[in-house]
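In what follows, every heavy atom counts, from backbone to side chain, and hydrogens, waters and symmetry copies are set aside. Along the sequence shown, the residues carry numbers beginning at 1.
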Amino acid sequence: DPVVKGRKLTAFSNEEERAGGNADNAKWLLEDRLREDGAELSVGEAWQPNVVVDGDLLTENPVSRLAKGPVPVRMIIGNNHKESDFWRVFGEFVPGDNPLKALDVLLRPFGDTAPIVGAYRKVYGDSLTPGEIVLELLSDGAFGGPSYAAQRGQGENCFAYYFTWPSTVHTKSAMHTLDLGFAFDNVADPGFVMYAGEDAPQALADDIHGRWMEFITTGSPGPDWRP
């Protein structure tokens, strides 16, 4: 049976999909598919909060589970070079006054983080500002580290990637979600252009999108991409 069968859920609604302008390009809509799979779906007014409470669907952090060993499905797992730069698009993300000390205080409940912060300062030295070092640490801790742990746990059950193409606007880096425009072949979409710039290479989108589609249909993104 589908994992959502009999579960009380909420999700992105058909109305919201259509309002977003992408419904006509989709093979199926999430609301329709969840209902077909037997979910007890509750969708509220479009774009308004709608909370549904049910039992546990996921009983373990996904990264923790993936790190323990292979799961029944093959996957592509990866991350971008400068993930945390994404939040700089919306303004100053890192505290300006002694950001490394602020980060140490923030992470203190999780244990002694001073050696980690010190190691990053030693590696980057004067080549990055303290604020930029914080962003490097957050990128590794929130994205790079979990991706690597999942890749190690899955071994030959997954294909790994590391996305480095930099946006030509905003932070001019390979920030969070920038890879998705290439994976879905949407680099000419006006919304993506505002985020990535007008110079996103179509050839790279053709390659990445093509490999994702090959993985979906065959279980491998190509003979030259080994697990």
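Ion pairing of R121 with D126 is absent here, as no side-chain N (NZ or NE/NH1/NH2) approaches a carboxylate O to less than 4.0 Å. Using a 4.0 Å cut-off between a side-chain N of Lys or Arg and a carboxylate O of Asp or Glu, R211 and D207 qualify as a salt bridge. Here R18 does not pair with E15 in a salt bridge; the nearest charged N to carboxylate O distance is not below 4.0 Å. Taking the charged nitrogens against the carboxylate oxygens, R88 and D85 do have a contact shorter than 4.0 Å, which makes a salt bridge.
Within 6.0 Å of the CD atom in E60, the count of heavy atoms belonging to other residues, nucleotides or ligands exceeds 12. Under a cut-off of 6.0 angstrom, the local environment of CD in E214 is crowded, with over 12 non-hydrogen atoms contributed by other residues, nucleotides or ligands. When the shell of 6.0 Å around OH of Y124 is examined, it contains more than 12 heavy atoms from other residues, nucleotides or ligands. Within a 6.0 Å sphere centred on CG of D24, heavy atoms belonging to other residues, nucleotides or ligands number 12 at most. Sparse packing is recorded around CZ of R152, with 12 or fewer heavy atoms of other residues, nucleotides or ligands lying under 6.0 Å away.
Following chains of ILVMFWY side-chain contacts shorter than 4.5 Å, one can reach L41 starting from W47, so the two form part of one hydrophobic cluster. No continuous path of hydrophobic side-chain contacts links V169 to L180 [ILVMFWY only; heavy atoms under 4.5 Å]. A continuous path of Ile, Leu, Val, Met, Phe, Trp and Tyr side chains, each step under 4.5 Å between heavy atoms, connects I208 with Y161, placing both in one hydrophobic cluster. Hydrophobic cluster membership differs between W212 and I77, with clusters built from Ile, Leu, Val, Met, Phe, Trp and Tyr side chains linked at under 4.5 angstrom. Under the 4.5 Å side-chain heavy-atom criterion for grouping Ile, Leu, Val, Met, Phe, Trp and Tyr, V117 is connected to I133 within one hydrophobic cluster.
At a threshold of 4.5 Å between non-hydrogen side-chain atoms, the residues L9 and D54 do not count as touching. The shortest side-chain heavy-atom distance between D37 and K5 does not fall under the 4.5 Å cut-off.
To the nearest 0.5 Å, the span separating CZ on F159 from CD1 on I76 amounts to 7.5 Å. Residue S173 holds its OG atom at 10.5 Å from CD of E132, rounded to the nearest 0.5 Å. Annotation: the span from N50 atom CG to E45 atom CD amounts to 10.0 Å, rounded to 0.5 Å. Between atom NZ of residue K82 and atom CG of residue N80 there is a gap of 12.0 Å, rounded to the nearest 0.5 Å. With rounding to the nearest 0.5 Å, the separation of CG in L30 from CZ in R35 is 10.5 Å. The distance from atom CG of L66 to atom CG of N61, rounded to the nearest 0.5 Å, is 9.0 Å.
Taking every heavy atom of both residues into account, V71 and N157 meet most closely at O-ND2, 3.2 Å. Shown here for L178 and P166, the closest heavy-atom pair between the two residues is CD2-C, 4.2 Å. V52 approaches S42 most closely through the heavy-atom pair CG2-CB, 3.9 Å. Here the closest non-hydrogen pair linking Q154 and P70 is OE1-CA, 3.3 Å. What you find for P146 and V63 is that their closest heavy atoms are O-CG1, 3.7 Å. Shortest non-hydrogen contact noted between G219 and R74 is O-NH1, 3.5 Å.
In this pair, F86 and H176 present their aromatic rings perpendicular. The plane angle is above 60°, beyond the 30 to 60° band.
Judged by distance alone, with hydrogens and angles left aside, the side-chain atoms of N186 form no donor-acceptor pair with the main-chain N or O of F192 at under 3.5 Å. When atom types are taken as modelled, the side chain of E17 and the backbone of A23 share no donor-acceptor pair closer than 3.5 angstrom. Looking at T168, its side chain does come within 3.5 Å of a backbone N or O of A196 through a donor-acceptor pair.
Taking the six-membered ring for Trp, F182 and W165 have ring centres closer than 6.0 Å. Between Y195 and H170, the ring centre distance reaches or exceeds 6.0 Å. Ring centers of Y162 and H81: under 6.0 Å apart, within the cut-off.
Other cluster members for V51: V53, joined by side-chain heavy-atom distances under 4.5 Å among Ile, Leu, Val, Met, Phe, Trp and Tyr. L29 forms part of no hydrophobic cluster, judged by ILVMFWY side-chain heavy-atom separations under 4.5 Å. Side-chain heavy-atom separations under 4.5 angstrom define the hydrophobic clusters, and M194 shares its cluster with no other residue.
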Checklist entry - Between K172 and S167, is a side chain to side chain contact (heavy atoms under 4.5 Å, CB included) present by the stated rule, with each step listed? => result CA-CA 5 Å; K172 298 186 177 181; S167 167; 5.9 Å; no

Checklist entry - Does the pair S139 and E136 meet the rule for a side chain to side chain donor-acceptor pair (under 3.5 Å), with working shown? => result CA-CA 5 Å; S139 290; E136 289 290 337; 5.7 Å; no

Next on the checklist: Before you tell me yes or no, could you show the steps for D206 and Q202 under side chain to side chain donor-acceptor pair (under 3.5 Å), namely the whole-Å CA-CA distance, both residues' side-chain angles and the distance that decides it to 0.1 Å?
Outcome noted: CA-CA 6 Å; D206 292 342; Q202 183 60 50; 2.8 Å; yes

Checklist entry - Please walk me through it: do W87 and M175 pass side chain to side chain contact (heavy atoms under 4.5 Å, CB included)? => result CA-CA 9 Å; W87 287 277; M175 54 188 162; over 6 Å; no

Next on the checklist: Would E31 and V43 count as a side chain to side chain contact (heavy atoms under 4.5 Å, CB included) here? Give the steps.
Outcome noted: CA-CA 8 Å; E31 178 183 338; V43 294; 4.1 Å; yes

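A donor-acceptor contact under 3.5 angstrom links the side chains of D140 and Y120, judged on distance only.
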